[in-house]
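Below is one structure; the comments refer to it alone.
Positions are given from 1, in the same order as the sequence printed here. As the structure lists them, so they are numbered: ligands from 1, and atoms in each ligand from 1. All values reported here derive from a predicted model rather than from experimental measurement.
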Amino acid sequence: MSFPDVMEKLVSLSKRRGFVFQSSEIYGGLGSVWDYGPLGIELKRNLQDRWWHTMVRSRDDIEGLDSAILMHPRVWEASGHVSGFVDPLVDCKTCQGRFRADKLQDAQCLKKPSKKPGEHSECQLTEPRQFNLMFKTHMGPVEDTSAAIYLRPETAQGSYVNFLNVQQASRQKVPFGIAQIGKAFRNEITPGNFIFRTREFEQMEMQFFVEPGTDMEWFEKWKAARMEWHRGLGLDASRLRFHPHGPTELAHYARAAFDIEFDFGGSLGPQEIEGIHNRGDFDLGKHQEFSGKRLEYVDQANSRRYLPFVIETACGPNRTLLAILVNAYREEPVPGEQEGRVVMGFHPALAPVKAGVFPLTKKDGQPEMAHAIAADLRTRFPVFYDEAGAIGRRYRRQDEAGTPFGITIDTESTKNNDVTIRFRDDMGQIRVGASQAADVIARHLAADIAVADSRRAAAA
Ligand code: GAP
């Protein structure tokens, strides 16, 4: 089954509604760097909070950490990033374009976009050279090589170098994990596809330390758990799949690896949103060697010490957010109306705004009642109050924002002290007492199910 390409429509909707803006737009923009607007940041926070809740707060065997972006330069020598975190790069002397030598088939000649780089008669491609993806800068005022430092290309290394700090401070026993959410930077040769591949991005990574010999069992457990988590975001199961890494694809640190892929539709198709790796004792072993500090775990119960193996789950919130946008986007006709509607059918738990509050008119006490209800709802979740324009247009605006519930205050409301709750997905409505509105919506959110299902839950 092939899914439609909605990327261009999403870029435009994201700007119009305030999900994602191009960075430094008034200066012509900075290529492949993006800012998250009012709705985008709420959506990203909800996604990250959900990950943190699942991975850290709801378990007693994973601890949180927030390590610094800047680390000792030896970290990146030990990890293999200084020597091995490279992509083969070719330049075109004619158009000054830069391309990944191993991805020429996916690239376009800058002079003639219908051709691949190297296919046009004027193309002059150089021999491939290895290009390190780490951003380099200098610590302090002196720009000499001794002060060279890198922006981290992954959060994982911060967890490895803090392995014993976290283990001893939290008195965890192996198996246990360390989880982090934070920025990472890669000087990608060919970023693109909106927020899919960027040079500044975030990661939600968890390193699970296990006894050698139990690693493949944990690898399988984490593979299944992570796929389940992505399904729980409301991502269509038929768009999700595992992609096993063959021997030529495995990263230098990995003994086994699977990607979780989401089918973005169009020419992008199925792509990695999360990697699950069995990293063995590669990282702790290297840091032990380079730092000269023992990083072994002391298993007091069995009177022995060893370097744990690591199972890593590495998810990109920006890519997952793009998957959520793609998955949520739909255009559909509205019965009785000429113009259809665009709906962002987010899972209610992820939706940036949970409820829109709409007085039908600006008179007869309706705005006052609506403001009071909005204030009450706002103590529990984000709400958008809107009294401007025809009610149909107000609904459409919130459909595009993905707001799962709409509360309308009409002439009956001020007499009977009740309101209408409108459900985004099927536009069905129920009437409830004004003081019950917050509880009804909270119940739906607590049920953690899609809006279409939540109508059934309400009726039950
Ligand atoms: N510590 C392991 C690691 O970093 P990775 O597969 O290179 O593994 C993990 O990255 C996740 O980070 C990817 O699945 C993706 O979601 C996200 N990611 C990686 N590079 C990215 C980029 N340039 N832009 C956006 N997200 C990226």
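Annotation: ring-ring contact (aromatic ring centres under 6.0 Å, His included) contacts of Phe242 (sequence neighbours excluded): Phe258. In this structure Ser58 satisfies the side chain to side chain donor-acceptor pair (under 3.5 Å) test with no other residue, sequence neighbours excluded. Every residue two or more places apart in sequence or in another chain was checked for a ring-ring contact (aromatic ring centres under 6.0 Å, His included) with Phe201, and none qualifies.
Looking at Asp299 and Asn302, their side chains do bring a donor and an acceptor atom within 3.5 Å of each other.
The salt bridge (Lys or Arg N to Asp or Glu O under 4.0 Å) test with Asp87 singles out one residue from Lys103, Arg100, Arg186, and that residue is Arg100.
Protein residues with a heavy atom under 4.0 Å from ligand 1 are Glu154, Ala156, Arg186, Glu188, Phe196, Arg197, Thr198, Phe201, Gln203, Glu205, Tyr253, Glu272, Ile273, Glu274, Gly275, His277, Arg279, Glu312, Ala314, Gly316, Arg319.
At least one donor-acceptor pair under 3.5 Å links the side chain of Lys354 to the backbone N or O of Pro348.
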